[in-house]
Enquirer: 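Dropping the structure in here first, questions after.
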Protein chains: 2
Amino acid sequence: MPRIFVRMLSKTCEYGLRAMIFIAQHSRDGKRIGISQIAEGIDSPEHFIAKILQVLGRKGIVQSIKGPNGGFYLDEKGRKCSLATIVRALDGDDLFNGCGIGLRQCSPVHPCPIHDEFKKIREDIETMLEGARIGEFTEKLDEGLLFLKRN
Amino acid sequence: MPRIFVRMLSKTCEYGLRAMIFIAQHSRDGKRIGISQIAEGIDSPEHFIAKILQVLGRKGIVQSIKGPNGGFYLDEKGRKCSLATIVRALDGDDLFNGCGIGLRQCSPVHPCPIHDEFKKIREDIETMLEGARIGEFTEKLDEGLLFLKRN
DNA sequence: ATAATAAAAGACAAAAATGTCTTTTAATCG
DNA sequence: CGATTAAAAGACATTTTTGTCTTTTATTAT
């Protein structure tokens, strides 16, 4: 029996989203933000989020520079990046496509019992994640209307 | 990096739902259905689904009898049981309650950046799973309009 | 009662996800 | 240049989930 902990997104993905939102907030005006501050700021294991950002970095979703005054930052494209892009990069797109009860061949002509119901939900999730852009959250965070970690 | 395999429900839960739907279909008129037929019928590992049904059995969600002519079956209550009941029994209710990006203290007064959007999705999932009853699928399965496994 | 059947239970194994530590590479500054 | 800084990469450890195998218990039929 599972340890009772189901999530819509993987931990990797959760950390990835929080980190991207955090970086967006802290890398304005050409500034960069270091990995240890990111980890502290979003309450995640430092080396774990480092790995995640490496994946996003290789895909050009986040920018980074090594050495003194180095760190992570977002370019214009990164700020406009949708949450869906990040989810896809980290969790793949099974969340948007997969069958609700795990059948590979589930399709309109070969529907599983809850095919149609799940389809609607999946579309809503995709729409929501496609619609939300990383840069959007910066302002609300500044105003203290949103929180990325406890305290 | 995750092996790219995110699901809305755990495997345990997927198998559990498929098994319950299968049992509903094959335990009419006082009949019972054996674990090996269930495993074959829903395309799952036999001993794994056995464990899952034990959990559901202890909670009174599915019935079983040992020995010759024994097997699993559903009583009236079982047939009326919602998918949500099964999901809760196997995966807990984090799916309905948890924060989208994994913050424990996420709440209306302490919202994470995508709190409101996720809330709506969660409610829709819950509504869908509460609304669908195990017994509902039997007829469509009989008519060959639904499938629990490939072929 | 005994044998056969079938689920329950327990122990263990494999795979995947998550988390940690160390070494390497690249950039900057003195 | 050499020293320092910080990310990248690689190796490894832990936990959770998923899957398998064996033994036990309960029921039925002979």
Side-chain angles (χ1 to χ4, degrees), chain A residues 1-16 18-19 23 26-27 30-40 42-73 90-92 94-95 102, chain B residues 1-16 18-19 23 26-27 30-40 42-73 90-92 94-95 102:
Chain A
M1 312 106 242
R3 196 62 71 256
I4 294 202
F5 210 74
V6 169
R7 283 191 238 63
M8 203 170 311
L9 302 175
S10 69
K11 271 277 172 196
T12 295
C13 204
E14 287 178 3
Y15 290 150
R18 304 220 296 267
I23 294 168
H26 290 86
S27 69
K31 284 211 295 276
R32 289 139 202 172
I33 180 81
I35 194 69
S36 58
Q37 291 158 284
I38 295 170
E40 207 282 326
I42 68 171
D43 201 27
S44 79
E46 179 170 330
H47 295 279
F48 194 33
I49 189 60
K51 295 268 176 235
I52 294 165
L53 290 175
Q54 281 164 30
V55 172
L56 295 177
R58 274 181 230 119
K59 300 195 179 192
I61 294 172
V62 70
Q63 265 56 49
S64 67
I65 307 191
K66 292 179 178 180
N69 276 307
F72 293 85
Y73 65 99
L90 296 175
D91 274 359
D94 282 24
L95 182 60
Chain B
M1 314 101 238
R3 195 64 71 261
I4 296 209
F5 211 75
V6 169
R7 282 191 264 353
M8 203 170 309
L9 303 174
S10 69
K11 270 278 171 197
T12 295
C13 203
E14 287 179 2
Y15 291 149
R18 304 219 298 264
I23 294 168
H26 289 86
S27 71
K31 286 211 295 276
R32 290 136 199 174
I33 179 81
I35 193 71
S36 56
Q37 291 157 284
I38 296 171
E40 206 285 323
I42 69 171
D43 201 27
S44 80
E46 179 171 329
H47 295 280
F48 194 32
I49 190 60
K51 294 267 175 236
I52 295 165
L53 289 175
Q54 283 164 30
V55 173
L56 296 176
R58 273 183 230 118
K59 300 196 179 190
I61 295 173
V62 70
Q63 266 56 47
S64 67
I65 307 190
K66 291 180 180 180
N69 276 306
F72 293 86
Y73 65 99
L90 296 175
D91 274 357
D94 282 25
L95 182 60

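Just so you know, these numbers come straight off a predicted model, no measurement behind them. Just so we're on the same page: letters track the sequence lines, and every chain starts at 1.
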Enquirer: Output yes when at least one side-chain N/O atom of A/Tyr15 is less than 4.0 Å from OP1 or OP2 of C/dG19, else no.
Expert: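 Indeed, a polar side-chain atom of A/Tyr15 lies that close.
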Enquirer: Across the strands shown, which category fits A/Gly71 at heavy-atom distances under 4.0 angstrom: base, sugar-phosphate, nothing?
Expert: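 Sugar-phosphate, backbone atoms only, no base.
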Enquirer: Closer to the 5' end of DNA chain C via nearest nucleotide, is it B/Gln54 or A/Arg32?
Expert: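 Upstream on the strand: B/Gln54.
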Enquirer: Counting only side-chain heavy atoms from C-beta out, which of C/dT20, D/dT4, C/dT5 sits nearest to A/Pro68?
Expert: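 For the A/Pro68 side chain, the nearest candidate turns out to be D/dT4.
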Enquirer: OP1, OP2 of C/dA17 versus side-chain N and O of A/Thr12: anything below 4.0 Å?
Expert: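 A/Thr12 to C/dA17 OP1/OP2: no side-chain N or O under 4.0 Å.
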Enquirer: Starting from C1' on C/dC21, measure out to NZ on A/Lys51 and report it in whole angstrom.
Expert: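 Rounded to the whole Å, the gap is 10 Å.
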Enquirer: Got a second to check how far B/Ile61's CD1 is from B/Arg58's CZ, nearest 0.5 Å?
Expert: 12.0 Å
Enquirer: Quick one: on DNA chain C, does B/Gly57 or A/Asn69 contact a more 5' nucleotide (nearest heavy atom)?
Expert: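 Upstream on the strand: B/Gly57.
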Enquirer: Given C/dA9, D/dA7, C/dG19, identify the nucleotide with an atom nearest to the side chain of A/Ile35.
Expert: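 Nearest nucleotide to the side chain: D/dA7.
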Enquirer: What are the two closest non-hydrogen atoms of B/Glu14 and B/Leu9, and how far apart are they?
Expert: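 Nearest heavy atoms, B/Glu14 then B/Leu9: OE2-O, 3.7 Å.
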Enquirer: Side chain of A/Lys11 only, heavy atoms from C-beta on: which candidate in D/dT20, C/dA27, C/dT18 is closest?
Expert: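 When the side chain of A/Lys11 is considered, C/dT18 is the closest of D/dT20, C/dA27, C/dT18.
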Enquirer: Output the single nucleotide from C/dG10, D/dA8, D/dG19 whose closest atom is nearest the side chain of B/Pro45.
Expert: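 Between C/dG10, D/dA8, D/dG19, the one nearest the side chain of B/Pro45 would be D/dG19.
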Enquirer: Ignoring hydrogens, what is the shortest heavy-atom contact between B/Phe72 and B/Ile35? Give both atom names and the distance.
Expert: CE1-CD1, 3.8 Å
Enquirer: Mind calculating the distance between NE2 (A/His26) and P (D/dA6) to the nearest angstrom?
Expert: 16 Å
Enquirer: Can you check the A/Phe72 CZ to D/dA7 C1' distance for me, whole Å?
Expert: 6 Å
Enquirer: Does the side chain of B/Arg58 get closer than 4.0 angstrom to OP1 or OP2 of C/dA9 through an N or O atom?
Expert: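 Yes, because at least one side-chain N or O of B/Arg58 sits under 4.0 Å from OP1 or OP2 of C/dA9.
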Enquirer: Restricting to non-hydrogen atoms, name the atom on A/Ile49 and the atom on A/Ala19 that form the minimum distance, rounded to 0.1 Å.
Expert: CD1-CB, 3.6 Å
Enquirer: In this structure, how many angstroms lie between the P atom of C/dA17 and the CG atom of A/Leu9, rounded?
Expert: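 The answer, rounded to whole Å, is 14 Å.
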Enquirer: Rounded to the nearest angstrom, tell me the gap between atom CD1 in B/Ile52 and atom P in D/dT18.
Expert: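 From B/Ile52 CD1 to D/dT18 P: 8 Å.
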Enquirer: Once you round it to whole Å, what is the distance between C1' of C/dA6 and CD1 of B/Ile49?
Expert: 16 Å
Enquirer: By nearest atom, which of the nucleotides D/dT20, D/dA7, D/dA26 is closest to the B/Lys66 side chain?
Expert: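 Closest of the options to the side chain of B/Lys66: D/dA26.
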Enquirer: Kindly say if A/Ser64 contacts the phosphate of D/dA8, meaning a side-chain N or O under 4.0 Å from OP1 or OP2.
Expert: yes
Enquirer: Rounded to whole angstroms, how far apart are CZ on B/Phe48 and P on C/dA16?
Expert: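 Atom-to-atom, B/Phe48 to C/dA16, this comes out as 13 Å.
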Enquirer: Atom CD of A/Gln54 and atom NZ of A/Lys51: how far apart are they, to the nearest 0.5 Å?
Expert: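 One finds 5.0 Å between CD of A/Gln54 and NZ of A/Lys51.
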Enquirer: Roughly, in whole Å, what's the span from CG in A/Leu56 to C1' in D/dA7?
Expert: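 Taking atom C1' of D/dA7 as the reference, CG of A/Leu56 is at 14 Å.
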